[in-house]
Amino acid sequence: MVTERNYRIRYHANGKPSIFEFYLFVNPLQPDCYRFETEVMRLSQTMCNPVDLHIICYHNQKTVIDFIQSQNIPCSSLDCRNDIFQKIYQAALSYKAACFQGKRSGHQYMLAMQEMTKGDYRLFNHQVPYEVAKKVGLELDVFMSDYQSDLVKRIYLRDQKIAMEMGIEHTPSLVIFEHSLSGHGVILTQDLTKENILRQLRLIIEQNRYSTKRKHQPRLRIVHH
């Protein structure tokens, strides 16, 4: 039987402890993203190796259509799609504003916002960011100023560029890097469970072990299982 103790392991590469970087790309109003966020957070907190977790909101017209279809939302008009797009956009900006008060505060804000909207995008309105910020103990005046600022919009656009450069097409998606692999990593697009992520970490370590024998390696490989 697999127990939590099994997860408290330390990965080594070339005799040195491995350092991992996780980029989790999400739609902040998508129920699946909430489940995977909690899974990835729980894993990163129980691993012995250092894990730098970045949660990045990403959406475009394609991911919005995917979201509508996956949630069986009756939405056939352009106005409806634009409304959903704008709600996701505002939720993403509010999360980024919360991150200005610390990454941990941003993660807490994200989870609280998703719990408040209960997987129903219609429950997100202009009051939600303020109520969530108050609930998680952010400095409200600072948060609201950041939320409405041009700076948070520019950083949001930078995040979209990061997602496109990494080849992200779906949410949720998890990109895993191990620092000694010189930028080579893996993208998980399905089954973002602790067990599958740990399996991929082991494969990354194996890749690192034999990397000196390989002249050509893909920067990222996509894993769909």
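No hydrogens, no waters, no symmetry mates; every other heavy atom, side chains included, goes into these values. Every value quoted in this text rests on a predicted model; they were computed, and no experiment measured them.
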Show the atom names and distances, to 0.1 Å, of all donor-acceptor pairs under 3.5 Å that link a side chain in residues 114-122 to residues at least two apart or in another chain.
residue	atom	partner	partner atom	Å
Q114	NE2	P28	O	3.3
Q114	NE2	E37	OE1	3.4
Q114	NE2	E37	OE2	2.8
E115	OE2	Y34	OH	3.0
T117	OG1	M113	O	3.0
T117	OG1	Q114	O	3.3
D120	OD1	R122	N	3.0
D120	OD1	R122	NE	3.0
D120	OD2	R122	NE	3.4
D120	OD2	R122	NH2	3.0

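- Distance CG/L174 to CG/L43: 9.0 Å, rounded to 0.5 Å.
- By the 4.5 Å heavy-atom criterion applied to side chains, L192 and P172 are counted as neighbours.
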*Please lay out, stage by stage, how N196 and R199 fare under the test side-chain contact (heavy atoms from CB on, under 4.5 Å).*
CA-CA 5 Å; N196 193 33; R199 187 181 308 115; 2.6 Å; yes
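- The SG atom of C99 lies 13.0 Å from the CZ atom of R104; values are rounded to the nearest 0.5 Å.
- Atom-to-atom distance recorded for D159:CG and M164:CE is 10.5 Å, nearest 0.5 angstrom.
- For the pair L151/R154, a side-chain contact is recorded, criterion being any heavy-atom separation below 4.5 Å from C-beta on.
- Interatomic distance, I168 CD1 to I187 CD1, rounded to the nearest 0.5 Å: 4.5 Å.
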Cut-off 3.5 Å, no hydrogens considered: what does the side-chain donor-acceptor table look like for residues 72-81, sequence neighbours left out?
residue	atom	partner	partner atom	Å
S77	OG	C80	N	3.1

_Stepwise side-chain contact (heavy atoms from CB on, under 4.5 Å) check, F25 with V175_ = CA-CA 8 Å; F25 295 90; V175 177; 3.9 Å; yes
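- Residues meeting the ring pair (Phe, Tyr, Trp, His ring centres under 6.0 Å) test with Y109, sequence neighbours left out: F143.
- Residue pairs meeting the side-chain hydrogen bond (donor to acceptor under 3.5 Å, both in side chains) criterion with at least one member in residues 134-153, sequence neighbours excluded: Q90-Y147.
- The side-chain heavy atoms of Q200 and L203, taken from C-beta on, include a pair separated by under 4.5 Å.
- To the nearest 0.5 angstrom, M110 atom CE is 13.5 Å from S105 atom OG.
- One distance of note links CD1 of I197 with CZ of F20; it measures 11.5 Å at 0.5 Å rounding.
- In this structure, V152 and F100 have side chains that are in contact, with non-hydrogen atoms separated by less than 4.5 Å.
- In this structure F22 satisfies the ring pair (Phe, Tyr, Trp, His ring centres under 6.0 Å) test with no other residue, sequence neighbours excluded.
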Donor-acceptor pairs are to be reported for all side-chain atoms of residues 52-68 against protein atoms at under 3.5 Å, with residues two or more places apart or in another chain.
residue	atom	partner	partner atom	Å
D52	OD1	K103	NZ	2.7
D52	OD2	H54	NE2	3.4
H54	NE2	E21	OE2	2.7
Y58	OH	N60	ND2	2.9
H59	ND1	Y156	OH	3.3
H59	NE2	F85	O	3.4
N60	OD1	K62	N	3.0
N60	OD1	T63	N	2.8
N60	OD1	T63	OG1	3.4
K62	NZ	D66	OD2	3.0
T63	OG1	N60	N	2.8
T63	OG1	N60	O	3.1

